[in-house]
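Down below is the structure, laid out as structure tokens.
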Amino acid sequence: STRTIEGGYGRQGLSKQVAGFAEGKTARLKRASITPHTRFADIYVTAARPGACVADADTLLVTAIARARNSGAKVVGDTMLDNGQAPIVMEPVRTEIVLARSGTPTVWVLDHDGVRTGEKVPVSNGVLMIDGAKYKTPYYEVDYAEALSQTSQDVNRSCETGLTIG
């Protein structure tokens, strides 16, 4: 099963999400589209500051996660036989995210504590390819601050909703 969610806490458009078995299917959301290239994944694009939305936030957080468990964990059916231990082993997620916004953001790879690693994800025409196998993380910061300061276009501050999957 697959679900897409748009909305947030009291304000539409705070977050865009695709969750489930959606490999190769594009979720066309207002201001963003998400196409997972992994069989199962939870992919979120979220405004990083309160009161903002994906359409106008200076900073977005992308989280792309699939199955994860402790090293050595043993599960049979629905029963956890051994919790295992650190480190957590995570299935990497590959996804294409298209942001319908003016300007080209800087996309930073974040470590597992949310700190920039110094590595950047290339962006071309608003398209970013997240690759958990390459970057070894589920977390990415999409920074529009510089792009917004360099553009004279008005930012559409509406956080409208709507989606299609296909």
Side-chain angles (χ1 to χ4, degrees), residues 2-9 13-73 84-151 155 159 163:
T2 301
R3 71 172 189 240
T4 58
I5 297 175
E6 292 195 90
Y9 304 100
L14 171 69
S15 194
K16 312 291 184 189
Q17 175 197 11
V18 174
F21 296 93
E23 183 175 18
K25 298 177 185 171
T26 299
R28 289 177 180 80
L29 310 159
K30 292 285 186 175
R31 299 295 185 170
S33 68
I34 302 171
T35 307
H37 297 290
T38 303
R39 184 171 177 260
F40 173 86
D42 287 332
I43 303 158
Y44 303 84
V45 179
T46 305
R49 82 179 146 79
C53 61
V54 171
D56 68 1
D58 294 351
T59 305
L60 304 172
L61 177 65
V62 173
T63 305
I65 194 162
R67 294 174 285 202
R69 65 174 53 140
N70 287 335
S71 296
Q85 67 284 331
I88 296 172
V89 178
M90 301 174 71
E91 182 178 350
V93 173
R94 285 186 62 245
T95 189
E96 177 181 293
I97 299 172
V98 180
L99 299 169
R101 295 184 48 168
S102 61
T104 300
T106 301
V107 179
W108 295 96
V109 176
L110 303 179
D111 68 15
H112 290 250
D113 291 319
V115 177
R116 290 179 179 176
T117 64
E119 191 169 11
K120 298 177 187 176
V121 176
V123 179
S124 178
N125 297 323
V127 179
L128 52 137
M129 283 296 298
I130 299 299
D131 186 342
K134 178 179 180 180
Y135 299 113
K136 309 288 189 221
T137 185
Y139 306 114
Y140 306 84
E141 176 187 345
V142 181
D143 183 3
Y144 273 98
E146 187 174 320
L148 289 173
S149 68
Q150 292 178 354
T151 182
V155 176
C159 295
L163 67 98

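Side-chain atoms of Arg101 come within 3.5 Å of backbone atoms of Val54 as a donor-acceptor pair (strictly under, hydrogens ignored). Listed for the Asp143 side chain is a donor-acceptor partner under 3.5 Å among the backbone atoms of Ala145. With Ser33 contributing its side chain and Ala27 its backbone, the two residues share no donor-acceptor pair below 3.5 Å. Put simply, the side chain of His37 never gets that close to the backbone of Ile130: no donor and acceptor are under 3.5 Å apart. In this structure a side-chain-to-backbone donor-acceptor pair under 3.5 Å is missing from Asp113 to Val115.
For CZ of Arg116, the number of neighbouring non-hydrogen atoms (other residues, nucleotides, ligands) closer than 6.0 Å is greater than 12.
Ile97 is listed as a side-chain neighbour of Ile43, based on a closest heavy-atom distance under 4.5 Å. Proximity of Pro138 to His112: side-chain heavy atoms (C-beta onward) are separated by under 4.5 Å at one or more points. Residues Val123 and Leu99 are not in side-chain contact: their nearest non-hydrogen atoms beyond the backbone lie 4.5 Å or more apart. Val98 is listed as a side-chain neighbour of Glu96, based on a closest heavy-atom distance under 4.5 Å.
Residues Asp131 and Arg94 come closest through the heavy atom pair OD1-CG, 3.6 Å. In terms of heavy-atom proximity, Ser71 sits nearest to Val89 at OG-CG2, 3.4 Å. Between Pro36 and Val18 the shortest heavy-atom distance is CG-CG1, 4.1 Å. Here the closest non-hydrogen pair linking Arg39 and Glu23 is CA-OE1, 3.5 Å. Smallest separation of non-hydrogen atoms from Leu110 and Thr137: O-OG1, 2.7 Å. Here the shortest heavy-atom pairing between Ala57 and Arg49 reads CA-NH2, 4.2 Å.
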- prompt: Passes side-chain contact (heavy atoms from CB on, under 4.5 Å), Val109 versus Val121? Steps please.
  reply: CA-CA 7 Å; Val109 176; Val121 176; 3.8 Å; yes

Verdict with supporting geometry, Thr63 and Thr46, side-chain contact (heavy atoms from CB on, under 4.5 Å):
CA-CA 8 Å; Thr63 305; Thr46 305; over 6 Å; no

Margin query: Run the side-chain contact (heavy atoms from CB on, under 4.5 Å) test on Trp108 and Lys120 for me, step by step, so that the C-alpha distance in whole Å, both residues' side-chain angles and the decisive distance to 0.1 Å come before the verdict.
Written below: CA-CA 5 Å; Trp108 295 96; Lys120 298 177 187 176; 3.3 Å; yes

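With sequence neighbours excluded, the residues satisfying salt bridge (charged side-chain N to carboxylate O under 4.0 Å, His left out) with Arg67 are Glu91. Considering only residues two or more places apart in sequence or on other chains, Glu119 meets the salt bridge (charged side-chain N to carboxylate O under 4.0 Å, His left out) condition with none of them.
Atom OG1 of residue Thr38 and atom CD1 of residue Ile65 lie 12.0 Å apart, to the nearest 0.5 angstrom. Interatomic distance, Tyr144 OH to Leu60 CG, rounded to the nearest 0.5 Å: 6.5 Å.
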